[in-house]
Amino acid sequence: MNILSTRIIEGPNVHSYHPIVRVKLDIGKYEDIPTNEIAGFTERITDLLPGLKEHQCSRGYPGGFLERLIEGTYLAHVFEHVAIELQCMAGYEVSFGKARGSGSPGVYDVVISFRNKGAAQQAVLQADQVLKAVLDKQPIDIKAVITAIKQAGDQNELGPSTAAIYRAAKEKGIPVMRVGDENLLILGYGSKQKRIWATTTSQTGALATDLACDKGLTNKILTDGCIPVPYGMVVTSAEQAKEALREISKPVAVKPLTGNQGKGVTLEITSAVQAERAYQVASEYDKNVIVEQFITGRQYRFCVVNGKVEAVAERIPAYVVGDGKRTVKELVDIVNSDPNRGVGHEKPLTRITIDAVAITVLAKQDCHPQSIPEAGKVVYIRENANLSTGGTAVDVTDIVHPANKQLIERATRLIGLDVAGVDVVAEDITQPIREGTGAVIEINAAPGIRMHHYPSAGKPRNVAGAIIDSLFPDDSTGRIPLVAITGTNGKTTVTRMIGHIWQTAGRRVGMTTTDGIYIDGCCVREGDTTGPASARTVLTDPAVEVAVLETARGGIVRAGLAFDKCDVGIVTNITEDHLGQDGIEDLEGLARVKSLIIETVRPDGFSLLNADDRYVTALASRARGEIVYFSIEPDNIIIRRHLGVGGRAFFVRDNVIYTAKGREAQVIAAVDDIPITLGGIAQHNLQNAMIAAAACYCMKVPPAFIYRGLSTFAENPGRLTVLPVRDFRVCIDYGHNPAGYQALVNTVKRMGASRLVGVIAAPGDRRDDVVVNVGRIAGRGFDHIYVKEDDDLRGRKPGEVSKLLYKGVLEAGLASERIQMVLPEKEAVYAALANAHAGDLIVVFYEKYGDVFQTIQQFCQQCQEQAIETIPAAAVGTGELLVGGVNAV
């Protein structure tokens, strides 16, 4: 048995709407050996993992999986359940999984849900080791296995503060993306997004943060604002620290000027020796050290969000309680064994560390780490009460005097932080703080909020929710209009048209297409960018006000979606393409994959379905939101029935695109006013225009802008791009499957050519029968054909695809003397141009648009032509084009 690969998919996917890890597993010699034929296997695996006995499996009741083991099931299925059980044992409750054959003997695709990416990846590795041990009858330490999973999970876990914010955002319906494995979150999409790193938000000012970090300057500002603060001064040497102690003539606190989390802080210093030692500790963090009056009283942390106190906790320094038997160090080890204590900020509480500061604090109590305190004696390990040094917290929000809340809110305003942690020492927090009864010790940017969410006593406070509400007030969820387009053909054109309409309406649009990622009209990355990584580029760009995402089958299958929900989901059509890939063997299977788009439509969104395509209409039961049908066929029965029950639809009648709801209809645009339809000749583009209009209408784009966008959409490079060359024409198109070929053939036959010439190819990763069918369609549609091949053979041998195409062309009845095999794309295009007759229409099905265009350009230059006026320079990314010495626009 061998793990061939693992892939983490965090967005909605074809297996689940929730995150999964997908494992390609080779079970080798066990392909034909079920569990009931492996002696003792069921007993050994259930003794090792008794929780497996409660797994329901597909039978839907506890013990169902055990029955399958006894009756005989296969190791890929067992692997799935072991990986699930190991996660559960590590504290990550999951239950979903499945195992399916991949089409290769002994190789399975195993899908397992997860809550923590690191834990899931480790659980997969450990499941492999557990099964091998069981099969080989070798011992394995399950405790060590679970520990490894927990450790991997801890390394990947968000910190408690960030995790609380993540949950609060999700509860409000705000999409959340984590950046790498950091505590940096992007909340919302595009221009509505906010970013937050721990509790530093995109609204936290750099100036305010710098002020808060400079404790001396903070005290100056608060003093000028009549906020009680301890008197102190900044020193840069031990001698100056001792002089400051003498000047203040009271117990002092010593801390680094720009420190945080209580690092380098020593309290209640009364002697020159203590002052010198404290300076040395503090200067390890900053050469500038504050020596200030030590304020007696209890220590409190006020958390202020958007100018309002949301929570107050009394902080208690780290301590242990003696038992008369154990040393201080041993007592600390016992406290640190609490599973809620971790390193740094990974858990609700932090482990206590015995370091130089702790030893100093112990010395003040006549103790050291090896001392054995008497039973019941409280021994403090720290004087400061920071959670990051092992302290605990008790919520006291409800007993704080209102005047104190007002005082702290005012202090925070003076510094300018949107989220602040204010440290206060006071004798009695239930009474107003005045000079002599308490003081503001520090104001901290990026405060930890775990003490408020996980107090050791008292009521938890939802500070994270308050932060989220401050970033997204009222009902805002940080979403922008988002439309996702899938289907077999027309996706790119529909995407471009929708984007153009929104741009016409004055919005900055982010698009993913088969030719690149576009942000506000600028191509930021070229290539086929229709997967989730490209969509994420659009959704995380702060300039984007509308996202229009072409979403292809490959990306959906391999990596799922980058978004959780869309406002409009579109399925243009389902036709023969990519069959035999990724386990998709028929059109029903292809439709199920593409249906993910309409399954993730928001409840108040729209699913746009092609009423002319039976595979698309069959998806209606999977669609979410309101279903809107579209059709170019007259009197489509599905449209009529849908309108009859009060639904909305888009259709063409008398050469006009209409939208209707029930009995009420509205004109969208006349077909003659939409250039890409060629006056209705290009039926596939008529459908594309209708889809674009429908999507924008559903997203409440004013009809005037929809009409203007449709009537001005002229730049659609590589899609029915027609160029006049000498005394004939050239049409360039991306048709790469049977339906695309047929649609283009139907169109060019209406374009009035004396002879139709095809320059054809097909992607190498299509099935043989699909490639032959492309050849048949071309053979029936063209008078002369040049057969070429793509540079990227996609696993085929040179000449293999062209022979299949040639076979199909001959089967269609085209004479062999009208077929030429010219495999390199540039050479095939040039041959067609050089041998063209007056009145010809040459149709090029391209692989690389730029190469084809440049070949045509070179031919024109040789012929001293001044044509090619219909292709914009931006289409090939070469700036201005020189054709025959004239700039072509």
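Between the side chains of T350 and R450, a donor-acceptor pair is found at a separation under 3.5 Å. No side-chain N or O of Q151 forms a donor-acceptor pair with one of T147 less than 3.5 Å apart.
For E43, the side chain to side chain contact (heavy atoms under 4.5 Å, CB included) test picks out no residue, with sequence neighbours left out. Judged as a ring-ring contact (aromatic ring centres under 6.0 Å, His included), and not counting sequence neighbours, F302 has no contacts. The salt bridge (charged side-chain N to carboxylate O under 4.0 Å, His left out) test applied to E292 returns K255, not counting sequence neighbours. In this structure, K250 has no salt bridge (charged side-chain N to carboxylate O under 4.0 Å, His left out) partners at least two apart in sequence or on a different chain. Not a single side chain to side chain contact (heavy atoms under 4.5 Å, CB included) links A356 to another residue, sequence neighbours left out. Residues forming a salt bridge (charged side-chain N to carboxylate O under 4.0 Å, His left out) with K329 (at least two apart in sequence, or on another chain): D333. Legend: residues meeting side chain to side chain contact (heavy atoms under 4.5 Å, CB included) with T270, ordered by chain and number and at least two apart, are P251, Q274. In this structure A358 satisfies the side chain to side chain contact (heavy atoms under 4.5 Å, CB included) test together with I354, D355, I381, R382, sequence neighbours excluded. Residues satisfying the salt bridge (charged side-chain N to carboxylate O under 4.0 Å, His left out) criterion with D210, sequence neighbours excluded, are absent altogether.
Counting only distance, with no hydrogens or angles, the side chain of Q365 and the backbone of V361 share a donor-acceptor pair below 3.5 Å. Distance alone, capped at 3.5 Å, is enough to place a donor-acceptor pair between the Y279 side chain and the S237 backbone. The backbone N or O of V312 lies less than 3.5 Å from a partner atom in the side chain of T397, making a donor-acceptor pair.
Between the CD1 atom in I429 and the CG atom in N404 there is a gap of 5.0 Å [rounded to 0.5 Å]. Distance check: R341 CZ to L349 CG gives 5.0 Å after rounding to the nearest 0.5 Å. Remark: I165 CD1 to I468 CD1 distance equals 6.0 Å, nearest 0.5 Å. In this structure, the separation between CD1 on I142 and CG on L48 is 3.5 Å, given to the nearest 0.5 Å. Atom CG of N183 and atom CG of L158 lie 5.5 Å apart (nearest 0.5 Å). In this structure, NZ on K150 lies 14.5 Å from CD on Q155, to the nearest 0.5 angstrom.
Screening residues 119-131 for side chain to side chain donor-acceptor pair (under 3.5 Å) gives Q122-Q126, D128-K132 as the qualifying pairs, with residues at least two apart or on separate chains. Counting only residues at least two apart or in different chains, salt bridge (Lys or Arg N to Asp or Glu O under 4.0 Å) contacts with residues 457-472 comprise K172-D469, D395-R461, D398-R461. Screening residues 413-424 for side chain to side chain donor-acceptor pair (under 3.5 Å), with sequence neighbours left out, gives T201-D418, T204-D418, R301-D423, R315-D423, D423-N444.
In this structure, the side chains of V265 and V254 stay at 4.5 Å or more apart for every pair of heavy atoms.
In this structure, H401 places its NE2 atom where more than 12 heavy-atom neighbours from other residues, nucleotides or ligands lie under 6.0 Å away.
A salt bridge between R44 and D47 is absent, with no side-chain N of the basic residue lying under 4.0 Å from a carboxylate O of the acidic one. Checked for salt-bridge contact, K377 and E374 miss the test: no charged N lies under 4.0 Å from a carboxylate O. With respect to K242 and E276, a salt bridge is recorded, a charged nitrogen being found less than 4.0 Å from a carboxylate O.
Between H81 and F65, the two ring planes are parallel [angle under 30°; tilted spans 30° to 60°].
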